[in-house]
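Have a look at the structure below, then the notes.
Each chain gets a letter, A, B and so on, in the order its sequence line appears, and its residues count up from 1.
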Protein chains: 2
Amino acid sequence: MFDCQPSSLGDRRVTLEHLRAFVLLAEGKGFQQAGLQLYRSQSAVTQSLKRLEDILGCKLLERRQGHIMGLTADGERFLPAANEILTRTSEAVSAMKQPEIAGRLLIGVPDDFKVVDLHDAISRCAELNRNLRLEVVSALSSQLLYQIDNSGLDLVILKCLEDFVPSDKRWRSHLLRREPLHWVAAQRHVFESMSEVPLVIFPDGCCYRSAALLALDRNGKHGYGAYVSASYENIRAAVSAGLGIGVLPASALANAHIILGKQEGFPELPMVELVMIQATDKYATKQLADFLSHSATMNPRNVNEYSDHNVSAESPSAGILG
Amino acid sequence: MFDCQPSSLGDRRVTLEHLRAFVLLAEGKGFQQAGLQLYRSQSAVTQSLKRLEDILGCKLLERRQGHIMGLTADGERFLPAANEILTRTSEAVSAMKQPEIAGRLLIGVPDDFKVVDLHDAISRCAELNRNLRLEVVSALSSQLLYQIDNSGLDLVILKCLEDFVPSDKRWRSHLLRREPLHWVAAQRHVFESMSEVPLVIFPDGCCYRSAALLALDRNGKHGYGAYVSASYENIRAAVSAGLGIGVLPASALANAHIILGKQEGFPELPMVELVMIQATDKYATKQLADFLSHSATMNPRNVNEYSDHNVSAESPSAGILG
DNA sequence: ATTCATAATCAGTTAGGCTGATTTTGAACG
DNA sequence: CGTTCAAAATCAGCCTAACTGATTATGAAT
């Protein structure tokens with residue numbers, strides 16, 4: 001009965017399952033869908049979240065009864081922590097399931113990609129394997145590929161277009177993430193009406209850039225770099241400021257951005273992929289690859305968080321404003 | 001049946017209760033004792049740990065069947081992660097139980113105390129309360145006390161002797177930690193045989209220092225600073241190197257250190273306390289104080305970790321001292 | 001209004017985990 | 001060596017938290 005002793009162990013009533021339910025629900029797919037992923041009934045998910053809310057003493061989900069819902073302010077506050085806890089647990093457990101990773105490994109990561117999550121995952125891996133020495137090299141995706149043979153990289157993570165995924169038979173590669181590429185801008189533009197397209201774009205060698213130029217070419221249009229930067233922050237800011245039309249993957253959109261699609265006459269862009277390549281066949285390389293590919297950090301769910309509060313991007317929270 | 005789907009949610013079989021059992025057991029108090037703290041039977045704890053070990057696929061505890069036991073290498077690897085997960089969960093949950101902390105608070109922390117844990121807790125608090133702006137000021141404990149009135153500090157954490165705990169009625173204070181102070185050295189020394197005592201000690205203003213000098217005084221001995229430093233690292237190293245006799249709290253001992261007690265004729269030292277004082281009566285100050293005092297980081301269990309592997313500090317290795 | 005899609009509710013069932021008793025183990029004695 | 005002791009492992013039965021399935025409630029869309 002007195003379940004709530006103030007022991008240093010925290011409130012023992014919350015379980016990881018509660019957090020999982022919440023995190024899944026926070027994606028806004030609904031109770032039914034969440035239940036499917038948890039191998040539980042819709043009813044169970046409902047009760048689970050209710051229990052969690054009871055324990056925390058606050059509502060987490062905004063439910064305008066009936067259809068869809070968004071997160072409450074409290075929910076928004078709790079979500080990052082819940083994700084963090086689940087990620088750490090998942091990583092710690094899977095790290096224990098295999099022998100300790102030891103040795104020295106060289107990792108190549110793209111410097112034109114949002115890599116903070118990646119860095120977190122790498123550092124947690126090092127924490128769980130104290131005898132593992134990791135060295136990270138950062139370069140443009142296009143260059144990393146060439147460096148594999150020269151620089152003795154063990155594991156390489158790079159982004160590329162679905163049309164051109166490097167598939168050397170010597171290497172094992174894993175698809176970490178896959179998402180659509182979009183034309184984005186601050187306001188609506190009509191493709192046909194533009195003679196030249198002012199692009200807000202990454203430097204030469206970036207595959208987003210080549211995809212964009214190729215697509216324009218095919219449609220007999222000419223694009224020019226109105227704003228070029230290797231930093232996501234800058235690119236997003238430039239697009240928001242209306243300096244031109246950007247080319248960004250779904251996860252990198254700021255909420256001020258508008259997607260230019262068929263209606264505006266823009267050609268379709270290919271999917272982009274984040275690929276991990278095992279360049280050496282050391283056992284430790286394989287282990288590290290396993291760790292990273294299983295890491296929840298690589299999960300698209302954790303991707304869509306930016307500096308600006310990207311609250312419930314797809315729920316009708318607009319209602320609050322109007 | 002197929003409980004182990006490789007979903008991004010991790011292995012759903014592990015529960016926080018498993019981790020709690022493990023963490024408690026890792027302290028080496030035994031299954032019975034752990035059960036008591038968990039309000040469970042010894043049998044339940046045994047089964048819980050067994051299940052965890054089954055799931056992880058490795059043994060965590062070294063059990064020389066019958067009596068006491070230590071951690072296996074795997075257990076050693078898992079413990080920090082388990083602690084981290086429990087700490088974060090506990091903090092996140094208790095943070096949600098109260099309204100968000102907002103505002104700007106000034107915290108004073110002692111710079112002559114091992115404060116990394118404290119810093120971690122503070123930064124996690126800031127993460128859970130994005131509208132809270134925390135500013136940390138570091139100073140000697142003795143100085144912090146005087147600064148309360150001048151510097152507008154909201155919350156002050158300082159160490160002091162049990163004999164002199166500042167207890168102004170205007171302030172609410174919490175005891176965070178309490179532990180014995182010891183004379184320590186690299187080898188055995190006999191108190192009586194020393195004319196002057198070479199001390200490895202913190203600078204003037206440190207309460208360990210005053211406690212030591214007072215104790216020597218009462219016994220008609222004279223001490224001098226053979227090595228003075230404000231850094232714990234330096235102090236420990238100097239003691240290990242045999243430069244003199246140190247005065248350290250239990251949690252700050254390196255494992256090469258020997259405690260000099262009654263047998264050697266050394267006088268008893270007072271207990272030292274880590275005290276937190278609410279200097280302003282803002283609501284946010286109270287909330288922050290609650291957060292920090294409930295934080296598992298403040299738990300003595302998490303304290304005893306130093307650079308050198310301080311494995312099983314109080315298991316039968318105590319025999320070394322006696 | 002009707003339909004549809006979804007979430008909430010409720011009662012009955014189930015299974016995971018707990019308890020309490022018992023057995024096993026190893027250490028400490030004489 | 002056998003005895004005693006303390007602590008962990010094992011086991012069978014039980015209990016409760018949580019799940020299921022059916023039903024109801026709700027709001028949006030037509």
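- A salt bridge between A:Arg20 and A:Glu17 is present, with a side-chain N of the basic residue lying under 4.0 Å from a carboxylate O of the acidic one.
- Of all nucleotides listed (D:dA8, D:dA22, C:dC18), D:dA22 comes nearest to the side chain of A:Ser43.
- Regarding contacts with the backbone of D:dA9, a side-chain N or O of B:Arg63 is found under 4.0 angstrom from either OP1 or OP2.
- Within the 4.0 angstrom heavy-atom criterion, no nucleotide atom of any strand lies near B:Glu17.
- Electrostatic pairing of B:Lys97 and A:Asp11 counts as a salt bridge here, judged by a charged N lying under 4.0 Å from a carboxylate O.
- As rounded to whole Å, 11 Å separates atom C1' of D:dA8 from atom CG of B:Leu61.
- Between the side chain of A:Ser41 and the base of D:dG21, no donor-acceptor pair under 3.5 Å is found.
- Between the CG atom of A:Leu16 and the P atom of C:dG16 there is a distance of 17 Å, rounded to whole Å.
- Between A:Thr46 and the phosphate of C:dA7, there is no side-chain N or O to OP1/OP2 separation shorter than 4.0 Å.
- For B:Arg177 and B:Glu162, the salt-bridge test fails: no basic side-chain N is under 4.0 Å from an acidic carboxylate O.
- Between B:Glu76 and B:Lys59, none of the side-chain N atoms (NZ, or NE/NH1/NH2) sits under 4.0 Å from a carboxylate O, so this pair counts as no salt bridge.
- Distance CG (B:Leu38) to P (C:dG17): 14 Å, rounded to an integer number of Å.
- For B:Phe31, counting side-chain heavy atoms from C-beta on, the closest listed nucleotide (C:dC10, C:dT19, D:dA9) is D:dA9.
- The distance between atom OH of A:Tyr39 and atom P of D:dA18, rounded to the nearest whole Å, is 22 Å.
- Both B:Gln42 and B:Ser48 sit near DNA chain C, but only B:Ser48 has its closest nucleotide nearer the 5' end.
- Atom CG in A:Leu49 sits roughly 8 Å away from atom P in C:dA8 (whole-Å rounding).
- Atom CD in B:Gln37 sits 6.5 Å away from atom CD in B:Glu27 (nearest 0.5 Å).
- Distance, B:Leu52 CG to C:dG16 P: 17 Å, rounded to whole Å.
- Atom CZ of A:Arg51 is separated from atom P of C:dA8 by 17 Å (rounded to the nearest Å).
- Nearest to the side chain of B:Ala44, among D:dC19, C:dA21, C:dC18, sits C:dC18.
- Taking every side-chain heavy atom of A:Gln47 into account, C:dC10 is the closest of C:dG20, C:dC10, C:dA8.
- Between A:Lys29 atom NZ and C:dT6 atom P there is a gap of 13 Å when expressed in whole angstrom units.
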